[in-house]
Amino acid sequence: MGNDTLLALVVVTALAFDFTNGFHDTGNAMATSIATGALGPRTAVALSGALNLIGAFLSLSVAATIASGLVATNLVTLTVVFAGLAGGIIWNLLTWFLGIPSSSSHALIGGVVGSTIAAAGGHAVKWHGLLQKVIIPAGLSPVIAGLVAATGTWLVYRISRGVHPKARSHGFRIGQIGSASMVSLAHGTNDAQKTMGIITLALIANGSLHSGAKAPFWVILTCALAISLGTYMGGWRVIRTLGKGLVEIESPQGMAAESSSAAVILLSSHFGYSLSTTHVATGSILGTGVGKKGAEVRWNVAGRMAVAWLFTLPAAGLVGAGAYGLAHVIGGNAGIVVVLVLLLAVAGLIYVRSRRTAVSHENVNAEWTGSVAPPTEAPKEVAAV
Amino acid sequence: MNDWINLSALWQIVVVGLLAGAGLPALFAVGLRALSLPGAGGAAGTTRAGADDDDRVVGGSPLGLAVAVLCFAVVLAAVGWGIYLIVAAT
């Protein structure tokens with residue numbers, strides 16, 4: 001097995017990560033539209049998938065910075081990238097299973113930083129860059145998004161007070177289609193690029209590209225397709241938590257939340273912050289709950305998410321480091337294969353477990369009863385008895 | 001400007017974010033309100049007749065319609081301009 005085989009393996013793993021990134025984040029754009037009925041669940045994921053595809057081609061400015069700004073690229077090998085991706089994928093699947101909208105970007109960055117530390121030590125990590133570009137924006141962005149969404153919600157309800165509630169709800173549902181589309185587009189411009197950056201990094205590490213090269217067209221195309229397909233699959237568990245779990249959302253709130261998310265994501269990427277769309281979307285949804293008088297905000301659900309956010313970087317980092325360590329101890333291509341088999345096994349296990357309490361387009365909007373998976377069987381049994 | 005937080009970017013994100021992220025939906029709400037204004041003939045009648053399950057958005061006032069079209073046009077133009085900025089930045 002030569003270097004090219006290893007490279008192909010890394011590229012496929014990166015695309016697999018991109019796929020999980022897509023379905024983990026469908027909810028960021030579409031959860032509120034699905035919750036208010038502005039779009040049917042399957043229409044929503046199809047629209048979001050298509051716009052993610054377009055978005056991935058729109059802008060390529062962030063692509064390579066994601067990894068090169070955070071770790072010393074000359075110390076990165078294919079094995080490091082592979083182990084980092086394994087960490088990102090496992091954390092994404094685990095949080096998806098729990099219905100927690102955690103950041104896919106943090107999972108990826110955490111995984112790569114973890115495996116870099118395991119491979120080359122802490123000095124290979126640009127800690128200043130990590131704090132400045134990832135951790136501080138992650139703390140600020142949900143607050144800003146929340147502030148914007150709360151202001152928007154307050155204004156929207158204040159202005160449309162005289163409109164008949166039914167007509168208002170109808171009007172804002174139409175508006176929501178537009179605002180949700182913008183978030184999907186923004187997600188495509190942001191998140192697809194992160195994987196493009198990683199694959200480019202792998203190509204540079206392998207010597208296939210000279211350092212500082214831009215992402216080749218086939219990388220852009222495959223990443224765009226992977227994230228779009230993932231989005232279309234719909235991460236129903238996360239959609240449910242965002243749309244039903246945090247706040248009971250009406251269409252004016254939904255439009256305010258989506259507008260805030262789209263504005264903050266696009267503005268931040270304009271300034272070169274590739275922040276987490278998940279953190280922004282969650283902040284917006286919480287903000288829209290705060291901005292409407294009498295709306296119930298389930299702070300315990302929000303708290304659970306915040307804890308998951310804090311753990312995302314270190315947890316994905318630990319898995320990434322562990323994956324590198326294992327591959328390194330066994331050594332060579334055999335080590336990579338063992339990690340790959342383990343990765344597939346864990347992914348399969350999580351998938352099988354998720355089937356037991358499946359959330360799909362059919363029950364995504366069921367009443368929130370404190371759990372991700374709606375209790376589908378229990379009420380029927382009670383009725384039968 | 002400090003070493004950890006780019007303050008100038010931060011306040012711009014907050015201000016422009018408020019204008020676009022909160023201002024545009026607010027403008028959309030203005031448009032919706034204008035659109036739903038009842039027509040000149042029998043103002044009270046149309047709202048009454050609407051009853052509870054009336055979700056018609058168009059009220060029938062010509063002035064309201066004009067204002068609404070203007071509001072929606074501004075919202076669409078702002079969105080289009082935003083997309084243009086993203087594409088142009090590449």
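Labels below follow one simple rule: chain letters A, B, ... track the order of the sequence lines, proteins then strands, and each chain is numbered from 1.
For the set Gly31(B), Ala22(B), Ala20(B), the count of heavy-atom pairs under 4.5 angstrom toward chain A peaks at Ala22(B).
Heavy-atom distances place no part of Leu24(B) under 4.5 Å from chain A, backbone and side chain included. Proximity to chain B (any heavy atom under 4.5 Å) is shown, for Ile159(A), by both the backbone and the side chain. The part of Ile83(B) that comes within reach of chain A is its side chain, from C-beta onward, which places non-hydrogen atoms under 4.5 angstrom from that chain. If you measure heavy-atom distances from Tyr157(A) to chain B, you find no contacts under 4.5 Å at all.
Here the straight-line distance linking atom OG of Ser169(A) with atom CG of Leu32(B) works out to 10.0 Å at 0.5 Å rounding. In this structure, the separation between CD1 on Ile174(A) and CZ on Phe28(B) is 7.0 Å, given to the nearest 0.5 Å.
In this structure, Trp154(A) places its CH2 atom where only 12 or fewer heavy-atom neighbours from other residues, nucleotides or ligands lie under 6.0 Å away.
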Stepwise side chain to side chain contact (heavy atoms under 4.5 Å, CB included) test for Ile13(B) and Ser268(A): CA-CA 7 Å; Ile13(B) 291 172; Ser268(A) 309; 3.9 Å; yes
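Nearest heavy atom pair, residue Leu147(A) against residue Leu18(B), reads O-CD2, 4.4 Å. Nearest heavy-atom pair across Phe172(A) and Ala29(B) is CZ-CB, 3.7 Å. Taking both residues in full, the closest heavy atoms of Arg33(B) and Arg158(A) are given as NH1-O, 4.4 Å, listed atom of the first, atom of the second, then distance. The two atoms that bring Ser36(B) and Val163(A) nearest to each other are OG-CG2, 3.6 Å, heavy atoms only.
Under the salt bridge (Lys or Arg N to Asp or Glu O under 4.0 Å) criterion, Asp25(A) pairs with no residue at all, not counting sequence neighbours.
Side-chain contact between Val79(B) and Met182(A) is present, with at least one heavy-atom pair separated by less than 4.5 Å.
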